[in-house]
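Side chains included, hydrogens not; waters and symmetry mates left out as well; all remaining heavy atoms used.
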Amino acid sequence: MEYEFIHDSLTGGASARFSMEHEIMGPWLEVEVGKDIEKINVLLEVVANIKERQQKDITITGMEYSLIFSEDSVQVFFNRDLEDVEQAYDSEIEQGINTGYDSSTECGVEDFRELLIKWSNFIK
């Protein structure tokens, strides 16, 4: 997953740009996480619980975007697409296939954890 973080010298805001395959991650970081260290800590705790197998298949619904954590991946979706995605995801599991969604992305749990840590360091 390729990305860069940018400080806006005029507004003081932070933004994130991702490669095309993961571009939805940028707006997700900006809208759902922003500069909220507590949100980052909560997400890092979810990642730790997933990795330790204390929890699995967790969905976190935000204002505009949602996350679906599974054993080895994290998917980000626009909320308007979440219901369709959950139905398709259940169907994919039953059929053993994987299809893509234009308004979503997926990354590994460890990549997601690393992203959160780097974002946290960037916004401090």
Side-chain angles (χ1 to χ4, degrees):
M1 184 165 55
E2 294 180 28
Y3 53 87
E4 67 177 329
F5 302 138
I6 303 158
H7 276 295
D8 184 328
S9 59
L10 296 176
T11 65
S15 62
R17 292 188 186 147
F18 286 74
S19 59
M20 186 176 288
E21 182 181 331
H22 296 98
E23 66 187 343
I24 193 172
M25 290 290 234
W28 170 78
L29 268 175
E30 296 166 18
V31 170
E32 300 295 343
V33 177
K35 294 184 176 183
D36 190 339
I37 298 297
E38 182 58 33
K39 283 184 182 179
I40 293 171
N41 290 334
V42 167
L43 291 169
L44 287 171
E45 186 175 324
V46 169
V47 168
N49 289 340
I50 290 285
K51 289 178 74 171
E52 294 170 5
R53 303 196 193 297
Q54 293 177 3
Q55 293 178 307
K56 64 177 190 172
D57 299 331
I58 300 167
T59 300
I60 297 176
T61 304
M63 296 179 299
E64 293 183 32
Y65 301 90
S66 294
L67 301 172
I68 297 177
F69 291 83
S70 65
E71 186 176 322
D72 57 352
S73 68
V74 179
Q75 297 174 327
V76 180
F77 300 96
F78 285 115
N79 282 346
R80 69 176 184 265
D81 298 331
L82 185 61
E83 185 175 318
D84 293 338
V85 168
E86 285 179 334
Q87 290 172 358
Y89 182 74
D90 290 343
S91 175
E92 288 171 10
I93 289 173
E94 290 173 9
Q95 297 174 22
I97 60 172
N98 185 15
T99 60
Y101 298 93
D102 293 337
S103 57
S104 69
T105 194
E106 182 175 1
C107 68
V109 172
E110 188 57 36
D111 289 338
F112 186 76
R113 180 184 160 286
E114 182 179 311
L115 169 67
L116 292 173
I117 291 169
K118 287 181 178 180
W119 180 253
S120 176
N121 291 335
F122 180 76
I123 61 174
K124 287 183 182 176

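- Between F112 and W28, the ring planes lie tilted relative to each other; the angle falls in the 30° to 60° range.
- To the nearest 0.5 Å, atoms NE2 (H22) and CG (D111) are separated by 7.5 Å.
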Requested in this report: Could you check I24 against F77 for side-chain contact (heavy atoms from CB on, under 4.5 Å), going step by step and ending with a plain yes or no?
Outcome: CA-CA 8 Å; I24 193 172; F77 300 96; 5.8 Å; no
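- In this structure, the side chains of L67 and V46 stay at 4.5 Å or more apart for every pair of heavy atoms.
- Shown here for L10 and D8, the closest heavy-atom pair between the two residues is N-OD1, 2.8 Å.
- One distance of note links CD of E71 with CZ of R53; it measures 4.0 Å at 0.5 Å rounding.
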Requested in this report: Verify side-chain contact (heavy atoms from CB on, under 4.5 Å) between I123 and I37, making sure each step is shown before the conclusion.
Outcome: CA-CA 9 Å; I123 61 174; I37 298 297; 3.8 Å; yes
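- Ring planes of F122 and F5: tilted class, angle from 30 to 60°.
- The two residues S120 and K124 make their nearest non-hydrogen contact at O-CG, 3.0 Å.
- Put simply, the side chain of E21 never gets that close to the backbone of T105: no donor and acceptor are under 3.5 Å apart.
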Query raised in the report: What do the steps show when you test E114 against M1 for side-chain contact (heavy atoms from CB on, under 4.5 Å), and what is the final call?
Result: CA-CA 11 Å; E114 182 179 311; M1 184 165 55; over 6 Å; no
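- For the atom pair L44 CG and N49 CG, the distance stands at 11.0 Å (nearest 0.5 Å).
- With rounding to the nearest 0.5 Å, the separation of CD in E38 from CD1 in I40 is 10.0 Å.
- A centroid separation of less than 6.0 Å is found between the aromatic rings of F78 and Y65.
- Nearest approach of A16 to E30, heavy atoms of both residues: N-OE2, 2.8 Å.
- For the residue pair A14 and W119, the shortest heavy atom distance occurs at CB-CH2, 3.7 Å.
- Side-chain contact, S104 with Q75: no donor N or O sits under 3.5 Å from an acceptor N or O.
- Residues V76 and M63 are members of one and the same hydrophobic cluster, defined by side-chain heavy-atom contacts under 4.5 angstrom among Ile, Leu, Val, Met, Phe, Trp and Tyr.
- Of the possible donor and acceptor atoms, one in the side chain of N79 sits under 3.5 Å from a partner among the backbone N and O of G62.
- V42 and I68 fall into different hydrophobic clusters, defined by Ile, Leu, Val, Met, Phe, Trp and Tyr side-chain heavy atoms under 4.5 Å apart, directly or through other members.
- Between the CG atom in L29 and the NZ atom in K39 there is a gap of 11.5 Å [rounded to 0.5 Å].
- Here the straight-line distance linking atom CD of E106 with atom CE of M25 works out to 10.0 Å at 0.5 Å rounding.
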